[in-house]
Visitor: 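Quick one: structure below, then a few questions.
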Protein chains: 2
Amino acid sequence: MKKQLQPIDAEALLVEHEFKKTPLRIMLLETLSLSPSPLPVLKLQRKLKKLAADPATIYRALNAFVEAGIVNALTVDKTKVMYELVQEKNHLHHIVCNSCSAVESIPFCVKTIDQQAVKLSRQFNKIHSHQLAFVGTCRKCVRALR
Amino acid sequence: MKKQLQPIDAEALLVEHEFKKTPLRIMLLETLSLSPSPLPVLKLQRKLKKLAADPATIYRALNAFVEAGIVNALTVDKTKVMYELVQEKNHLHHIVCNSCSAVESIPFCVKTIDQQAVKLSRQFNKIHSHQLAFVGTCRKCVRALR
DNA sequence: CTGCTAATTGCAAATCATTTGCATTTGTAT
DNA sequence: ATACAAATGCAAATGATTTGCAATTAGCAG
């Protein structure tokens, strides 16, 4: 049972977030929405090569999307930043190959990890480690911010 | 009930992993072992300033430790790499403030996340998101490697 | 304790992904 | 169609991390 990839309405998404609809941004969002796993910048550049897009422009677009909460930037190891569309079903869980760096998104949430972990490890052969981080605001900052 | 920090025997650890016992490495491991949370390179540099250690040396030591499995490199957001000692009780879970970037290690494992999540969010005020990644080896690579 | 050898370090230069300034182009509202 | 702000391309800047190489140091043998 493979996960069905829903193509998104990139233009609507851009309008919703008050971005101008440019070819690069549209194709960027569509590319992300059609990928079964988070994409590193290099792969995005390849996918967008028809547009002869400047790296700077791609970075600017990605950063703007992250800022707007449309896209999630994922960093599993030091050097590898990957981007993925933020979606309902997407709870930001991933599994990464420590050999070839392949990444898969995992379609379940923390709440059910326990039961799924076993299946998961069979699919992926072997899990060596995992990393979990919560992001929030600590009390000190909440105080400081008001 | 605060977590007790156990100072480690840095010299023994170095010997065990066939590293030479140099002042920098000893202090580096001790610093990491006494920190309640993962430390970014910048803070490590500050802590080691008595030794006037060259950044290159610190990076080399950290990379060697990570390679040896003594230290874990944690990257929560794009630019911030942090290092922490790998310890029995340390299951590589963290909570990060999205305002000041403070990081706390979380003393429980995935298996009990469900029950702990509530307490956790009270302590930390508010959790906006979380990120979980498993690292392992995919089938393709297992095949390729033999 | 002394000397030997390989590992470690400091320094300076190189690297590489990402960011930035600025002039030009493009999208959108009027 | 026009105007203005936003987006882009290009080249240069940035900044953390890495690397080459010569000098130093730790560990070991005698």
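In what follows, chains carry the letters A, B, and so on, assigned in the order in which the sequence lines appear, proteins first and then strands, with residues in each chain numbered from 1.
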Visitor: Looking at residues 16-29 of chain B, who's got a heavy atom less than 4.0 Å off DNA chain D?
Guide: B:Lys20, B:Lys21

Visitor: Using atom names, set out every protein N or O paired with an N or O of nucleotides 20-22 of chain C below 3.5 Å, distance rounded to 0.1 Å.
Guide:
| residue | atom | partner | partner atom | Å |
| --- | --- | --- | --- | --- |
| C:dG21 | O6 | A:Arg60 | NH1 | 3.4 |

Visitor: What is the distance, rounded to the nearest whole Å, between atom CD of A:Glu11 and atom C1' of C:dG27?
Guide: 12 Å

Visitor: Between P on C:dT8 and CG on B:Leu51, what's the gap in Å once rounded to a whole number?
Guide: 16 Å

Visitor: On DNA chain D, compare the nucleotides closest to B:Asn63 and B:Val15; which residue's is nearer the 5' end?
Guide: B:Asn63

Visitor: Looking at B:Tyr83 and B:Leu32, what are the two nearest heavy atoms and their distance?
Guide: O-CD2, 3.4 Å

Visitor: B:Asp9: which residues meet the side chain to side chain donor-acceptor pair (under 3.5 Å) condition with it, sequence neighbours left out?
Guide: none

Visitor: Measure from CG on B:Leu48 to P on C:dT9 and round the result to the nearest Å.
Guide: 11 Å

Visitor: Pairs under 3.5 angstrom only: tabulate donor-acceptor contacts from the side chains of residues 39-50 of chain B to other protein residues two or more places apart or in another chain.
Guide:
none

Visitor: Just do the side chain to side chain contact (heavy atoms under 4.5 Å, CB included) check on A:Leu74 and A:Val81 with the steps written out, would you?
Guide: CA-CA 6 Å; A:Leu74 170 74; A:Val81 184; over 6 Å; no

Visitor: Over how many whole Å does the gap from B:Met82 atom CE to D:dA16 atom C1' extend?
Guide: 15 Å

Visitor: To the nearest angstrom, how far is A:Leu44 atom CG from C:dA17 atom P?
Guide: 15 Å

Visitor: For A:Phe65 and D:dA7, give me the distance from atom CZ to atom P, rounded to whole Å.
Guide: 9 Å

Visitor: B:Pro55 or A:Thr57: which one's nearest nucleotide on DNA chain D is closer to the 5' end?
Guide: A:Thr57

Visitor: Do any pairs count as a ring-ring contact (aromatic ring centres under 6.0 Å, His included) and have a residue in residues 19-58 of chain A, sequence neighbours left out, and if so which ones?
Guide: A:Phe19-A:Phe65

Visitor: What residues, two or more places apart in sequence or in another chain, satisfy salt bridge (Lys or Arg N to Asp or Glu O under 4.0 Å) together with B:Glu16?
Guide: none

Visitor: Whether the side chain of B:Thr57 engages the backbone of B:Ala53 through a donor-acceptor N/O pair (distance < 3.5 Å, no angle test) should be reported.
Guide: no

Visitor: Among pairs that include at least one residue of residues 21-34 of chain A, which meet salt bridge (Lys or Arg N to Asp or Glu O under 4.0 Å), considering only residues two or more places apart or in two chains?
Guide: A:Glu11-A:Lys21

Visitor: Please list all pairs meeting ring-ring contact (aromatic ring centres under 6.0 Å, His included) that have one or both residues in residues 32-52 of chain A, counting only residues at least two apart or in different chains.
Guide: none

Visitor: Whole angstrom is fine here: how far is it from CG in A:Leu62 over to C1' in C:dT19?
Guide: 13 Å

